[in-house]
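Below is one structure; the comments refer to it alone.
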Protein chains: 4
Amino acid sequence: MTVRVGVIGLGLIGADHVARLRSRVAGADVVAVCDIDSSRAKAIGESVGALVLSTATELVRSDAIDAVVVTSATTAHAEAVLACITAKRPVFVEKPLAQTAQECLDIVSAEMAHGERLVQVGFMRRFDPGYAAIKASLDAGELGVPLLMHNIHRNRTAPTATSAGLIRESVIHEIDAIRWLLAQEIQSAQVALPRPSPHAPQGVRDPQLALFRTTGGVLVDVECFANSQYGYDVRCEVVGSTGTAAIDGHGDAIWTRVGSASRSVHRDWRSRFGPAYDRELQAWVDSVAAGEATGPSSWDGYAATRVAESTVSSLATERIVAIEMIERPALYA
Amino acid sequence: MTVRVGVIGLGLIGADHVARLRSRVAGADVVAVCDIDSSRAKAIGESVGALVLSTATELVRSDAIDAVVVTSATTAHAEAVLACITAKRPVFVEKPLAQTAQECLDIVSAEMAHGERLVQVGFMRRFDPGYAAIKASLDAGELGVPLLMHNIHRNRTAPTATSAGLIRESVIHEIDAIRWLLAQEIQSAQVALPRPSPHAPQGVRDPQLALFRTTGGVLVDVECFANSQYGYDVRCEVVGSTGTAAIDGHGDAIWTRVGSASRSVHRDWRSRFGPAYDRELQAWVDSVAAGEATGPSSWDGYAATRVAESTVSSLATERIVAIEMIERPALYA
Amino acid sequence: MTVRVGVIGLGLIGADHVARLRSRVAGADVVAVCDIDSSRAKAIGESVGALVLSTATELVRSDAIDAVVVTSATTAHAEAVLACITAKRPVFVEKPLAQTAQECLDIVSAEMAHGERLVQVGFMRRFDPGYAAIKASLDAGELGVPLLMHNIHRNRTAPTATSAGLIRESVIHEIDAIRWLLAQEIQSAQVALPRPSPHAPQGVRDPQLALFRTTGGVLVDVECFANSQYGYDVRCEVVGSTGTAAIDGHGDAIWTRVGSASRSVHRDWRSRFGPAYDRELQAWVDSVAAGEATGPSSWDGYAATRVAESTVSSLATERIVAIEMIERPALYA
Amino acid sequence: MTVRVGVIGLGLIGADHVARLRSRVAGADVVAVCDIDSSRAKAIGESVGALVLSTATELVRSDAIDAVVVTSATTAHAEAVLACITAKRPVFVEKPLAQTAQECLDIVSAEMAHGERLVQVGFMRRFDPGYAAIKASLDAGELGVPLLMHNIHRNRTAPTATSAGLIRESVIHEIDAIRWLLAQEIQSAQVALPRPSPHAPQGVRDPQLALFRTTGGVLVDVECFANSQYGYDVRCEVVGSTGTAAIDGHGDAIWTRVGSASRSVHRDWRSRFGPAYDRELQAWVDSVAAGEATGPSSWDGYAATRVAESTVSSLATERIVAIEMIERPALYA
């Protein structure tokens, strides 16, 4: 079964998700789109062969779709998600779920009236291998009791950021990560503010340090720095009573335990090169669809096998063996 | 267009590719399979709803397919690939292309007779971001002239490895990587052998050190150690006349230039969390297809927004703010 | 000139400093010691050939000494340091300078009455190359304006720690590091407390998170965790408006700047191996004093030169050259 | 006892060792020097208050000295060392011991005639903590049986290097490290040569790859690249049958064992900050000798204690506490 998806809102992340659903997600097709900017909707819709609809309501009710992705502005989330619930459509909505907690409660109420879950919220850190590795360590009790959690969340630049927006749009990722990793609710919050960066927009408190305390007594700090100038750098360290688990800016996990700080070593090629195999077959499928072969050719297969054959002949003597090859045909130039 | 793929050979890597084509590659479907072990073919074919055919020849000729993946034993590669070329089918064949250089030449000849490329060989390192980063550095001339290249290729265990097999099946990955990264052919080869590991199979020379010299005067060493016991560890360092580019065992790239050794910092969330977004939407599409919502719920969306709202209220005072939430409904337990 | 040092207090750090002054510091000699435990004083004093005196006062006034090291209990610091100032003796006192700020002010007053500085306090992070590298980066303006500073200070176990002692004896290192690195005073302090570790002594709040704000608007957090179980781990990161400088648990410095995270590469052997050269000559001087040669021998010199000679002869042919050596004489067994 | 040292040869490394013996090595004094350049000998000798002698022979025979450091040109080593043995003087000689293996044998013979060891050769890697950590791992059998060893030895620039000199003066460090770490002799050598770097001096083969095989069947490669342009980078990895031990360019040790790559975590402050304590007390002793106090002052001691006191008062409430300090007196400006 192919899931026929309608996408509401085609800004940066919306366009990104359209491309993702078409070329990197299996079993889905983008069949309808809409955007408050109708020319943008038309351009993207036509480029992917999807229906271009005028409104979110029209899209949600269309028989052409099975499910909806909501990537419109945050202010428009609640209405779109509620329409999906009314229409009994599974819906994926980017974070935050809605503009206010009250709007979120309206969605919760509607979903409860419906009787089963229809909504998935875009807290995508739960799908990152680095965060998942920390989660696994915590769940296995490898760190003892969790006590502290340090988070860094830096962007290169954010010219339109506001003081509250840093929390509502950026720190909210860490808020979900805290709740998910620790399986505890957050009981209190505090913001501590250094002087603003000279690169922050006028009047905006950037960076900020948010402190959270959880029901289980864990103290969490989150540095949010939207105009760090140097890059995108997201890190996390959970400190337990017997060790720590952390991910660095590339998402690589590091554990400290008695006497050592360690990273995992891959068990086999599937974990190390799995994504490369995915990309390789995707490139092949794309080339087949395009009717033109790309990637390593028969010539490359010949050349490598020729070298390997000669190398094998050095096994007995450990001497240097010259390698002879035929000339490369023009087809493989 | 969906590419209808037939898969020949359903061992470890074959089964892996079937799963990959179905669930992680967009635009492809596995519609036919065959294997010398007919019960294995039946089990996998039925589980994915694909035709189960008796022979590679039958599969290649079937009208049901558009393209072929060859993941049978190396000894069977040449025959299957030649059949694909005869049938004018695009074919992806796992490395090595064939058992001998002569068989590879037969394939090259057949493809030349056909007049255009139909074959892609499974040298998947070209699709790894780490190797691609080294390639980009070299192509941009950032390292000066390449002079040396060091490679490590370690597996945990390989009970069926042979001395020649280490070269033909493992080092061949590095042989292709050398040719591709440097865009030079290999002129000579030499194997140097330490004492065998006590964990190597009886009579097998493991580890080995292979030395290659290229047409451009680059000297390359490759350590191949199939029974390292500790893990899968593949590394590469290219040494140029003004700096080096390397990838560590996780595929993270490190550059040395005057005075510093550096890793890149992500530019934005798309490079850091792109794969997590892919997995997130894949999980959502899968859950829609399965008719059961999973992942972060409306409740998670409410809880996070509630915390964010309270946090925002601390911005003005920098004081601790308590967070009140409704009780969690049973639907979200 | 050799500085004749008297040491007051011979506990863990005192004994350590005695050994340091005798064997790793040039130009000093330990000539007198005292301790409230007279048998400990006697044991250590006799082992190093130093006068064993009964009281700190007697030691401070002795003509045998030029300068004093105070490593007694914190409660005894003020009296000893004041006695040194009265006697016009240069004095090195372990941190903290005294038990209370008022006692510190008494010392400041006495030193001002004396008219010039006589006291050095043991804030030794200023002498660590990692901290010094951060300082140099800040002073050179490489990070832009400093905005935030994150610190980690973990010990393996501290069975006698108290909640206040964590601040007075451990965090005080970071307090000085903050003042020194930023060249700013601290304006306010706040402690935030997670649940105590089950490995903390009964009733002790361990770990703690201290927050400091400086006169220049920098916000600083310090995690202090005295019973982390896993090891001694001290880290520091200063976040500036255009980049960061950090040291990891080994004191290695890492910089982030636009697009990259970098470590320095050594410029020459003096920075990389300088300490090894120090240890090498120290070992040699010690062996001369002991009348018995150790370390690499003439035989090692011969063997290495013999191998090098043979290696040189392979330069022309790139062929394997066998190495012949005489049998190893018994003198070098 | 202070060891009175005479130094023969005052070039780069000689002058370095003079400074080392005077200011970083305990128990030694430089009392006599000589150099073929008499004005250089005069300048350095007078600056350190040492006798300036005309010849190595005169220095070796002088009653003013207890022991000799030979840091003259390699061609002059043998004569100076033999003179020391004749005079029964302990001697430290920089690597290589002598110009030829035959000269080394002459020294061995003279020392055997003397009947006990008098010579220590400057193979200083044995005194580096990183190499020592690998040695400890090997000796403890933590890596299983050693099979392979990879070495990198890069300098930034070496304008006077020769092809043979790279081996005789640079690779000789690795030759000793191989023999010492593995406790095995080297049986054969081979040099493999890529194209020379465009930054190598005219006609010089730089870089080189040397291959060694040991009596225990270990295969060792050494990359030597004297004109790498980017920095000084020395690395080493020993591959055993069950794991590896390596040091990176900063000398930090990394172990791979089943499933993990780990660095050590410090056990306590003595291993992490020991060298900082050494430097701290050295700076204090130097300041006492110079008659002028430096380093953290009483004011710093007061300020830190004042902050700590206020911080402690936040323990009960977790509220922000303002910090009041007296004005900084001019003495501490």
Side-chain angles (χ1 to χ4, degrees), chain C residues 3 23-26 28 67 90 92 96-97 101 104 107-108 111 117 119-121 123-124 127-128 164 167-168 172 175-176 186 188-191 231-232 265-266 268 276 278-282 284-285 288-289 293 295-296 298 301-302 304-312 314-315 320-322, chain D residues 1 3 23-26 28 67 90 92 96-97 101 104 107-108 111 117 119-121 123-124 127-128 164 167-168 172 175-176 186 188-191 231-232 265-266 268 276 278-282 284-285 288 293 295-296 298 301-302 304-312 314-315 320-322:
Chain C
V3 175
S23 67
R24 290 196 298 283
V25 168
F92 174 91
L97 172 57
C104 293
I107 290 167
V108 163
E111 204 174 23
R117 284 188 52 189
V119 182
Q120 180 177 330
V121 182
F123 291 129
M124 100 296 172
F127 298 90
D128 179 64
I167 297 164
R168 292 184 189 282
I172 201 158
I175 291 173
D176 183 66
I186 295 170
S188 75
Q190 180 188 9
V191 178
Y232 183 76
V265 166
H266 284 286
D268 59 26
D278 293 352
R279 270 187 289 271
E280 178 192 46
L281 279 193
Q282 187 68 66
W284 176 66
V285 166
V288 171
S298 296
Y302 158 69
T305 302
R306 187 73 196 82
V307 172
E309 258 178 13
S310 302
T311 309
V312 167
S314 170
L315 265 176
I320 298 174
V321 178
Chain D
M1 171 208 170
V3 175
S23 65
R24 291 195 300 281
V25 168
F92 174 91
L97 172 58
C104 294
I107 291 167
V108 163
E111 206 175 22
R117 283 189 52 190
V119 181
Q120 179 177 328
V121 183
F123 290 129
M124 99 296 170
F127 298 90
D128 179 64
I167 297 164
R168 294 184 188 280
I172 201 159
I175 291 173
D176 184 65
I186 295 171
S188 74
Q190 180 188 10
V191 178
Y232 183 75
V265 166
H266 284 286
D268 60 25
D278 293 352
R279 271 187 290 270
E280 179 192 47
L281 279 194
Q282 186 68 65
W284 176 67
V285 165
V288 171
S298 296
Y302 158 70
T305 302
R306 187 72 196 85
V307 172
E309 259 179 13
S310 302
T311 309
V312 167
S314 170
L315 264 177
I320 298 174
V321 178

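Every chain is numbered from 1, with letters handed out A, B, ... down the list of sequences.
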Exam field: side chain C:Q282 to backbone D:A26, donor-acceptor pair closer than 3.5 Å:
yes
Heavy-atom donor-acceptor pair, C:S298 side chain to D:V108 backbone, under 3.5 Å
no
Quick one: [atom1] on [X] to [atom2] on [Y], what's the gap to the nearest 0.5 Å?
| X | Y | atom1 | atom2 | result |
| --- | --- | --- | --- | --- |
| C:T311 | C:R306 | OG1 | CZ | 9.5 Å |
| D:F127 | C:E280 | CZ | CD | 5.5 Å |
| C:R24 | D:L281 | CZ | CG | 9.5 Å |

Between [options], which has the largest tally of heavy atom pairs under 4.5 Å with chain D?
| options | answer |
| --- | --- |
| C:Q120, C:R279, C:E111 | C:Q120 |
| C:A164, C:P296, C:G301 | C:P296 |
| C:P90, C:A322, C:G295 | C:G295 |
| C:A101, C:A308, C:G231 | C:A101 |
| C:D268, C:D128, C:I172, C:D278 | C:D278 |
| C:S23, C:P96, C:C104 | C:C104 |

Closest non-hydrogen contact found for D:I175 with C:A304 is CG2-CA, 3.7 Å
Count the heavy-atom pairs under 4.5 Å between each of [options] and chain C, then report the option with the highest count.
| options | value |
| --- | --- |
| D:D176, D:I107, D:I186 | D:I186 |
| D:I167, D:V119, D:L97 | D:I167 |
| D:Y302, D:F123, D:W284 | D:W284 |

